[in-house]
Number of protein chains: 2
Amino acid sequence: MRNAEATRERILEAAMAEFSAFGIQGARVDRIAENAGINKNMIYIYFKNKQTLFNTILQKQLTRVYKEIDFTPEDLPGFAVRVFDFAVNNPELMRLLAWSNIEQHAEGLSERDDAHSMKVISITEAQNSGLIGKAFPPSFILTTIMTLATSWTIANPFGLAFDSASLNNVQALRDGIAKAVGLIVYAGIEA
Amino acid sequence: MRNAEATRERILEAAMAEFSAFGIQGARVDRIAENAGINKNMIYIYFKNKQTLFNTILQKQLTRVYKEIDFTPEDLPGFAVRVFDFAVNNPELMRLLAWSNIEQHAEGLSERDDAHSMKVISITEAQNSGLIGKAFPPSFILTTIMTLATSWTIANPFGLAFDSASLNNVQALRDGIAKAVGLIVYAGIEA
DNA sequence: TTGTATTAACTAACCAGTCAGTTAGTTCTG
DNA sequence: CAGAACTAACTGACTGGTTAGTTAATACAA
């Protein structure tokens, strides 16, 4: 079986699981090779080194995030719920983000910054057109939404165990998040 | 200079910096010894191993957190601001928490769980006595406050760079957090 | 048969933990 | 109070195992 593309794909798949579980430092290249069912050297042929492999995966996953979650400034509670669902359904990805944050070797995150700036601008416009309230600055609103929506993932600084029981009723959390975000973004309107 | 207590303290200090920067896996015992200005073997005399050293530090820091931040169910916006100030002023500690979460070797966190349960009970009582609103479940309120208050630290899943500019005006963030928490906990009262 | 995919064996560096031994300080004894 | 006996603090050198990355040789497909 000789198939360059398939081999590359299997490396990426195994590496995603490995990096998500152990981070960059903790990931073992031998283990990735074994789980991918390929020889370790293939990793060094398809990717420069461990760090590059990680960067490739992070890039790919981030692109996926921005593609799969629609940003709707006119419906921020709905957006928050979408982020929440995505985060709860993709714990591997959340862990990858956490690792890239704390191990601080991340590169090429300009895409992330761009996506952030665009959202802040959209929120500003929504405020000016009266779609949402002006009680809070746009960047504050965005940060609040993103952290609120990911509170029940590995991102919670006090541990997921902190409030894991709530995950037994995902719909209740969805409702709570939508309501809380609504209070914040519609503060000052129709009140 | 022979002083067991001082030596132990210097190890803990250097280890805190090391673990905060590199985590458990990434921490280097040799580096801790060098920065503490002691012989590496002393670490193994005073502490069983690297993991035990980490656990000791985590325990100590968590105790400090619970001691230094008063929980006031009758003034949750104030509590949130206190958590925010503490988090912003103790980035090392926030990193330590993040490492202990993601590297999942943490032990002896019953103290943390107890502190959490107590707060949930207090919030429930506050709701029943009409001090705060019943729009959200107690555990939801607590989780929301904790993550909101730590959104501008390493805990932010999308990176601190996500909204680092806001940290230039800490007072504005404090006000925003207090206001947002107020909207959530007083929803349904005096409205 | 030519070049690409793949492999096994190897290397150099690193690192947690150990160990045999030394030095500083304290207690006991005559 | 001298100095021997003892204890606690500390040191430097080492080891066994691990790991990222390399190299040289082999299998295969066109």
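Chain A is the first sequence line, chain B the second, and so forth, proteins listed ahead of strands; every chain is numbered from 1.
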Scan nucleotides 16-18 of chain D against the protein and return all N/O pairs shorter than 3.5 Å with their distances rounded to 0.1 Å.
none

**OP:** Ignoring hydrogens and angles, tell me if any N or O in the side chain of B:Arg112 forms a donor-acceptor pair with the backbone of A:Phe158 under 3.5 Å.
**Re:** yes
**OP:** Would you kindly give the CD1-to-C1' distance between B:Ile45 and C:dC19, to the nearest whole Å?
**Re:** 11 Å
**OP:** Look at all strands and tell whether B:Ala27 reaches a base, only sugar-phosphate, or nothing, counting heavy atoms closer than 4.0 Å.
**Re:** sugar-phosphate
**OP:** In whole angstrom, give the distance that lies between atom CD1 of B:Ile38 and atom C1' of C:dG17.
**Re:** 14 Å
Original post:
Could you give the CE-to-C1' distance, from B:Met42 to C:dG21, as a whole number of Å?
Top reply: 15 Å
Subject >> Short side-chain N/O contact to D:dC10 OP1/OP2 from B:Tyr46, under 4.0 Å >> reply: yes
**OP:** Taking B:Asn90 for its side chain and B:Glu92 for its backbone only, find out whether a donor-acceptor pair lies under 3.5 Å.
**Re:** no
Original post:
Applying salt bridge (Lys or Arg N to Asp or Glu O under 4.0 Å), which residue pairs with at least one partner in residues 134-160 of chain A are found, sequence neighbours left out?
Top reply: none
Original post:
Taking CD from A:Glu18 and C1' from D:dA20, how many angstroms apart are they, rounded to a whole number?
Top reply: 13 Å
**OP:** Using whole Å, report how far CG of A:Asp30 lies from P of C:dT7.
**Re:** 14 Å
Original post:
CD of B:Gln61 to CZ of B:Phe19: how many Å apart, nearest 0.5 Å?
Top reply: 12.5 Å
**OP:** To the nearest Å, give me how far apart CG (A:Asn49) and P (D:dA20) are.
**Re:** 11 Å
Subject >> Side-chain ion pair, B:Asp85 and B:Arg174, N-O less than 4.0 Å >> reply: yes
Original post:
Is it the case that more than 12 heavy atoms not belonging to A:Glu13 sit under 6.0 Å from its CD atom?
Top reply: no
Original post:
Using a cut-off of less than 4.0 Å, is there contact between a side-chain N or O of A:Thr7 and OP1 or OP2 of C:dT6?
Top reply: yes
Original post:
Any chance the side chains of A:Thr52 and A:Asn55 put a donor and an acceptor closer than 3.5 Å?
Top reply: no
Original post:
Does A:Phe71 have A:Arg82 sitting over its ring (NZ/CZ under 6.0 Å from centre, angle to axis within 45°)?
Top reply: no
Name the pairs: protein N/O against N/O of nucleotides 8-10 of chain C, kept only if under 3.5 Å.
| from | atom 1 | to | atom 2 | distance (Å) |
| --- | --- | --- | --- | --- |
| C:dA8 | N7 | A:Asn39 | ND2 | 3.2 |

Subject >> Whole-Å gap separating P (D:dC14) and OH (B:Tyr44) >> reply: 18 Å
Original post:
Salt bridge or not for B:Arg10 and B:Glu34, using N-O below 4.0 Å?
Top reply: no
Original post:
Nearest-Å distance, CZ (B:Phe47) to C1' (C:dT18)?
Top reply: 18 Å
